[in-house]
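See structure below.
Throughout, a chain's letter reflects where its sequence line sits, starting with A, and its residues are numbered from 1. Quick caveat, the model's predicted, so the values are computed rather than measured.
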There are 2 protein chains.
Amino acid sequence: MPSRMDPLSLEVVELIGTVVGRYYEEYERAAAEHSLTGAQARVLGLLALEPMPMRQIAQKLKCEPSNITGIVDRLEARGLVERRPDPADRRVKLAAPTPDGLTTATDLRDSLNFAREPLAELSADERTVLRDLLRRMLGA
Amino acid sequence: MPSRMDPLSLEVVELIGTVVGRYYEEYERAAAEHSLTGAQARVLGLLALEPMPMRQIAQKLKCEPSNITGIVDRLEARGLVERRPDPADRRVKLAAPTPDGLTTATDLRDSLNFAREPLAELSADERTVLRDLLRRMLGA
DNA sequence: TATTGTTATACTCTATAACTATA
DNA sequence: TATAGTTATAGAGTATAACAATA
């Protein structure tokens with residue numbers, strides 16, 4: 001299995017792959033603790049920042065709009081989200097978290113242990129260095 | 001939305017979340033280019049490192065063994081993987097990549113652009129720092 | 001005509017439980 | 001009896017295509 005990438009970059013990519021795997025597991029576990037699927041938790045987390053039209057949720061999640069219908073249906077059936085009419089355009093439905101949904105979204109974020117465990121290994125200075133490197137990588 | 005985490009750690013976690021999102025998209029895109037689902041690509045990538053029993057694949061992917069049957073079925077139908085008997089235990093089936101599967105796995109890894117784009121922003125020294133910080137975080 | 005959200009359909013992934021063939 | 005792999009089943013996510021209401 002030869003590769004065209006230099007060993008250093010290759011190792012960084014592998015390490016990032018490991019981070020991705022751990023983060024993903026943590027996210028799914030946190031969602032499951034609230035009896036939510038990963039997709040449901042992602043939509044709820046998005047709406048907790050700002051209510052938005054169904055179509056915009058699909059754009060943010062990079063999936064087809066038709067999928068959002070079912071996910072919001074299930075969140076609505078649990079009383080975590082509601083659909084509101086958009087006064088400006090009667091075709092649009094705005095999805096918004098209920099108070100219960102907002103609480104769940106906050107709980108969900110706080111129960112993401114990922115921050116505590118791997119990050120606790122680093123000093124504040126190291127975290128600053130890491131932050132700056134990640135910002136540069138992501139063009140932020 | 002109050003949080004109990006300090007702003008620095010919070011930002012690092014958010015940045016890591018962004019990295020996770022981009023990496024995941026890249027992975028799915030690379031898999032789709034080869035007409036594979038993400039799960040199929042992950043199994044193929046695993047077997048490219050080393051053939052292994054069905055049950056061990058499930059352990060590595062942290063899912064139920066029954067799911068692996070279908071994924072390997074589909075990879076086998078495409079001629080990318082084959083099931084071999086284990087001489088030591090006739091209950092066991094070893095899943096192994098075919099030559100075609102090995103080629104696909106290598107192509108797949110090389111077409112993971114994630115390495116080139118975000119990482120290209122960093123100098124070799126910065127990549128070394130990033131590698132060491134990630135190693136520390138992951139306890140490697 | 002174009003757009004928003006929905007429905008219908010088909011496929012994949014996932015967990016659970018029951019089955020088979022070995023051990 | 002215990003284990004490896006499979007099958008059956010049900011729920012969820014996904015893309016595609018077609019549809020109703022509205023713009």
(message) Expected output is a numbered-order residue list: members of residues 73-86 of chain B with a heavy atom under 4.0 Å from any atom of DNA chain D. What is it?
(response)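 Contacts with DNA chain D under 4.0 Å: Arg83(B).
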Rounded to the nearest angstrom, tell me the gap between atom [atom1] in [X] and atom [atom2] in [N].
X	N	atom1	atom2	result
Gln59(A)	dT14(D)	CD	C1'	17 Å
Leu36(B)	dC11(C)	CG	P	18 Å
Tyr27(A)	dG13(D)	OH	P	13 Å
Leu94(A)	dG5(C)	CG	C1'	12 Å
Ile71(A)	dT6(C)	CD1	C1'	14 Å
Glu28(B)	dC13(C)	CD	P	10 Å
Arg55(B)	dT6(D)	CZ	P	11 Å
Gln56(A)	dG5(C)	CD	C1'	14 Å

(message) I want to confirm an ordering. Mapping Asn67(B) and Gly38(A) to their closest nucleotides on DNA chain D, which one lands closer to the 5' end?
(response)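 First, find each residue's nearest nucleotide; the 5'-ward one identifies Asn67(B).
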(request) Look at the side chain of Met54(B) and decide which nucleotide, out of dT6(D), dA4(D), dT6(C), has an atom nearest to it. (result)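 Selected nucleotide: dT6(D).
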(message) So if I take every side-chain heavy atom of Lys93(B) and compare against dG5(C), dT16(C), dG5(D), which nucleotide ends up nearest?
(response)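 Selected nucleotide: dG5(D).
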Heavy-atom donor-acceptor pair, [X] side chain to [Y] backbone, under 3.5 Å:
X	Y	result
Ser111(B)	Ala30(B)	no
Glu11(A)	Leu8(A)	no
Glu76(A)	Arg83(A)	yes
Arg84(A)	Ala96(A)	no

(request) Could you grab the distance from atom CG of Asn67(A) to atom CD1 of Ile57(A), nearest 0.5 Å is fine? (result)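 Going from CG on Asn67(A) over to CD1 on Ile57(A), the span is 12.0 Å.
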(request) Report, as a single string ordered 5' to 3', how protein heavy atoms within less than 4.0 Å touch nucleotides 17-23 of chain C: B base, S sugar-phosphate only, - not at all. (result) B----BS
(message) Counting the atoms with a prime plus P, OP1 and OP2 as sugar-phosphate, which does Thr69(B) contact under 4.0 Å by heavy atoms, base, sugar-phosphate, or nothing?
(response)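 Since a base atom lies under 4.0 Å of Thr69(B), the category is base.
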(message) Mind checking if Ile68(A) touches a base, just sugar-phosphate, or nothing, with heavy atoms under 4.0 Å?
(response)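 Result for Ile68(A) = nothing.
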Check whether any side-chain heavy atom of [X] sits under 4.5 Å from a side-chain heavy atom of [Y], and report yes or no.
X	Y	answer
Asp6(A)	Leu10(A)	no
Tyr27(B)	Val20(A)	no
Leu130(B)	Met137(A)	yes

(message) For residues Val12(B) and Leu119(B): do they belong to one hydrophobic cluster (side chain heavy atoms under 4.5 Å, members Ile, Leu, Val, Met, Phe, Trp, Tyr)?
(response)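 Val12(B) and Leu119(B): one cluster.
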